[in-house]
Undergrad: 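Pasting in a structure now, in structure tokens, and then I'll have a few things to ask.
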Amino acid sequence: MPLSDFLAALKDNPYFGAGFGLVGVGTALAAARKGAQFGMIFFRRNYMITLEVPSKDKSYHWLLSWITKHARHTQHLSVETSYLQHESGRVHTQFEFHPSPGNHIIWYGKKWIRVERTREKQMVDLQTGTPWESVTFTALGRDRQLFVNILQEARELALKQEEGRTVMYTALGAEWRPFGFPRRRRPLSSVVLESGVEERIVDDVKEFISNPKWYTDRGIPYRRGYLLYGPPGCGKSSFITALAGELGYSICLMSLSDRSLSDDRLNHLLTVAPQQSIILLEDVDAAFVSRELLPTENPMAYQGMGRLTFSGLLNALDGVASSEARIVFMTTNFIDRLDPALIRPGRVDLKQYVGNCTHWQLTQMFRRFYPAESASEAERFAERALAAYTEISAAQVQGHFMLYKQDATGSIDNVARIKE
Ligand SMILES: Nc1ncnc2c1ncn2[C@@H]1O[C@H](COP(=O)(O)OP(=O)(O)OP(=O)(O)O)[C@@H](O)[C@H]1O
């Protein structure tokens, strides 16, 4: 059907009311209007299909990108600014144009489709503070498969854009929203942990992900908790980011000291976390300290800083049940400050100390940073570093190397100044 005919059919057109006789102009017009309305309703019900997608639906953002791709000739646009990190590490600002609120016509699957994007000025999503929006697709025919195809294409397009990148989500109201630009996946080899530590965690997570049946057969909730503990700057967060990249997972980052976090909200967020994501609760000690360490005169500390209570946190962790593998990582610098109830098996199934650099780690880091240098130079670096300090974090070593980017000998000679 040509576009003009399609548009004509969509408009409220008195055509359907024509031919009702010459009963008087007023009556004829009213009859014509009624006829038109009836005709349109009949036509819509029987020969048109529509799909409404509200902005709070997961597919909404994918669909906006899909529409942008297909409505290339539309002149009415709105902009969304994002940042993209290139291989070199440089960040580029990217403007993505989306069709503005209003009507757009798309030719897809040998059909004309009207896409109406609406934005409610009066209605705001109370949880996210953003205006309420929706897009409605209207097409002639009865075949719903058209919409299924569009949704699948939109999802594939979104996945393609995220390929090779790790998406970070943060909690906004009761939802998870991507924040910042998707980061280039960090390779696991770029995080140098003590020998065997990486394998221990990666093998455990992979085994967990590939074995849902083991859990269902035994009626055990399909979730696994990990705790990485140790001094700052030793690679806990970097390792979790690299692990997410290795698995092709995203990260849902949450701070338990967020004052707006309540028991219900945490519970809800853990339940609705995006598929294939790692939930990361950083610095859990900052929100709750062990009951045993608590001064009795300050019971508030145990209740958490916001409206989240300790028992609420335990319940939320226990309640995480999903057909999807649910992986929760917690990090802390002070494991001894954590309540034993929080880290008992079932809530934390694997605990791993991530500590300051060992001799082995120092040699590995040196060789990674200065690939042209020999193994004996790496040994010399590690020996001198550990002779000068008993405790050096990987972050400090990395900072030191950055000072001697092109000068491996300088980095060895000045290793005693690593903490200056
Ligand atoms: N083991 C490591 N191998 C390579 N780089 C590391 C390692 N540990 C830390 N770094 C570097 O140091 C910086 C800080 O590391 P990271 O945030 O992962 O440490 P952390 O243990 O999570 O610290 P905190 O306890 O303060 O959160 C990052 O830039 C990271 O690249």
Side-chain angles (χ1 to χ4, degrees), residues 85 87-91 166 168 170 179-181 183-202 205 226-246 249 251-258 278-289 327-338 342-343 348 350-371 373 378 381-382 385-386 389-405 408 411 415 418-419:
Q85 194 175 29
E87 305 292 307
S88 60
R90 281 176 62 191
V91 174
T166 305
M168 306 285 285
T170 184
F179 84 97
F181 44 84
R183 297 162 190 209
R184 199 160 58 87
R185 278 187 194 164
R186 183 171 181 157
L188 269 172
S189 57
S190 74
V191 187
V192 183
L193 301 183
E194 177 51 329
S195 172
V197 170
E198 176 193 313
E199 293 75 16
R200 179 177 180 229
I201 305 172
V202 173
V205 176
Y226 298 83
L227 176 74
L228 302 188
Y229 63 99
C234 291
K236 297 181 290 298
S237 311
S238 311
F239 175 73
I240 296 165
T241 311
L243 175 69
E246 166 79 13
Y249 273 39
I251 295 183
C252 294
L253 186 64
M254 180 179 269
S255 164
L256 294 182
S257 7
D258 175 354
I278 289 177
I279 294 168
L280 173 55
L281 308 176
E282 281 205 298
D283 300 324
V284 270
D285 57 276
F288 298 101
V289 287
I327 301 169
V328 180
F329 265 85
M330 296 189 236
T331 66
T332 180
N333 297 135
F334 309 98
I335 190 174
D336 46 344
R337 288 191 193 169
L338 299 181
L342 180 62
I343 53 177
V348 169
L350 189 152
K351 299 185 194 79
Q352 178 62 54
Y353 175 68
V354 179
N356 285 311
C357 287
T358 59
H359 185 280
W360 185 82
Q361 273 172 287
L362 287 168
T363 57
Q364 295 300 308
M365 287 186 75
F366 185 90
R367 298 209 71 184
R368 259 197 73 81
F369 207 89
Y370 306 107
E373 297 300 316
F381 171 76
L386 290 174
Y389 302 101
T390 47
E391 291 179 347
I392 313 170
S393 71
Q396 284 166 332
V397 175
Q398 186 177 276
H400 177 73
F401 287 160
M402 293 301 283
L403 292 177
Y404 300 94
K405 265 189 202 160
S411 99
V415 72
I418 230 171
K419 292 198 187 185

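Computed from heavy atoms alone, side chains included, the values below leave out hydrogens, waters and symmetry copies. When a ligand or atom number is given, it counts from 1 through the structure's own listing order. By convention here, the first residue in the shown sequence is residue 1.
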Undergrad: At less than 4.0 angstrom from any non-hydrogen atom of V191, what atoms of ligand 1 do you find?
TA: 1 (N), 2 (C), 3 (N), 4 (C)
Undergrad: How long is the straight-line distance from CD1 of I418 back to CD of Q398, given to the nearest 0.5 Å?
TA: 11.5 Å
Undergrad: May I ask you to check if ligand 1 and G230 share an N or O to N or O distance below 3.5 Å?
TA: no
Undergrad: For atom 13 (C) of ligand 1, grab the closest protein heavy atom and report residue, atom and distance to one decimal in Å.
TA: A395 CB, 4.0 Å
Undergrad: I want to check something: taking the side chain as every heavy atom from C-beta on, are N356 and C234 in contact at a cut-off of under 4.5 Å?
TA: yes
Undergrad: With under 30° as parallel and over 60° as perpendicular, where do the rings of F401 and F381 fit, or are they tilted in between?
TA: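 The rings of F401 and F381 sit tilted, inter-plane angle from 30° to 60°.
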Undergrad: Tell me which protein heavy atom sits closest to atom 26 (O) of ligand 1, plus the residue, atom name and distance to 0.1 Å.
TA: P232 CB, 3.4 Å
Undergrad: Is there at least one pair of N or O atoms, one from V192 and one from ligand 1, spaced under 3.5 Å apart?
TA: yes
Undergrad: Considering heavy atoms of the protein only, find what lies nearest to atom 27 (O) of ligand 1 and give residue, atom and distance to 0.1 Å.
TA: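 Nearest neighbour among protein heavy atoms for atom 27 (O) of ligand 1, to 0.1 Å: S237 OG, 3.8 Å.
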Undergrad: Atoms of ligand 1 less than 4.0 Å from N333 heavy atoms?
TA: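 With N333 as reference, the close atoms of ligand 1 come out as 25 (O).
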Undergrad: Working to the nearest 0.5 angstrom, can you tell me the gap between L253 CG and E282 CD?
TA: 5.5 Å
Undergrad: More than 12 heavy atoms of other residues, nucleotides or ligands under 6.0 Å from NZ of K405: yes or no?
TA: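 Result for NZ/K405: open.
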Undergrad: For ligand 1, which atoms sit closer than 4.0 Å to a heavy atom of L193?
TA: 1 (N)
Undergrad: Does ligand 1 have a heavy atom under 4.0 Å from the side chain of Q398, from its backbone, from both, or from neither?
TA: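 For Q398, the contact with ligand 1 is made by the side chain alone.
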Undergrad: N/O to N/O below 3.5 Å, does that happen between G235 and ligand 1?
TA: yes
Undergrad: Evaluate V205 against Y226 for side-chain contact (heavy atoms from CB on, under 4.5 Å), listing each step before the verdict.
TA: CA-CA 9 Å; V205 176; Y226 298 83; 3.3 Å; yes
Undergrad: Main chain of P231, side chain of K236: is a donor-acceptor contact present, judged purely on distance under 3.5 Å?
TA: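 Confirmed, K236 side chain pairs with P231 backbone.
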Undergrad: Decide yes or no for Q364 and S195: does some side-chain heavy atom of the first lie under 4.5 Å from some side-chain heavy atom of the second?
TA: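 Heavy-atom side-chain distance check fails, nothing below 4.5 Å.
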Undergrad: What atoms in ligand 1 come closer than 4.0 Å to a heavy atom of A394?
TA: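 Selected atoms, number and element: 1 (N), 2 (C), 6 (C), 7 (C), 8 (N), 9 (C).
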Undergrad: In the protein, what heavy atom is nearest to atom 23 (O) of ligand 1, and what distance, to one decimal place, separates them?
TA: G233 N, 2.9 Å
Undergrad: Has R186 got any heavy atom lying under 4.0 angstrom from an atom of ligand 1?
TA: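 It does, in that a heavy atom of R186 comes within the 4.0 Å cut-off of ligand 1.
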Undergrad: Does an N or O anywhere in K236 fall below 3.5 Å from an N or O of ligand 1?
TA: yes
Undergrad: Look at the side chain of D283 and the backbone N and O of T332, then say whether any donor-acceptor pair between them is shorter than 3.5 Å.
TA: no
Undergrad: Distance check, rounded to the nearest 0.5 Å: I240 atom CD1 versus T331 atom OG1?
TA: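 Reported to 0.5 Å precision, the distance equals 6.0 Å.
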Undergrad: Taking N or O atoms only and a 3.5 Å limit, does C234 qualify as a polar contact for ligand 1?
TA: yes
Undergrad: Give a yes/no on ligand 1: does C357 have at least one heavy atom closer than 4.0 angstrom to it?
TA: no
Undergrad: Does the side chain of L338 reach to within under 4.5 Å of the side chain of L227, using non-hydrogen atoms?
TA: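 The answer is yes; the side chains approach within 4.5 Å.
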Undergrad: Hey, looking at atom 15 (O) of ligand 1, which of G399, S190, S238 has the closest heavy atom?
TA: S238
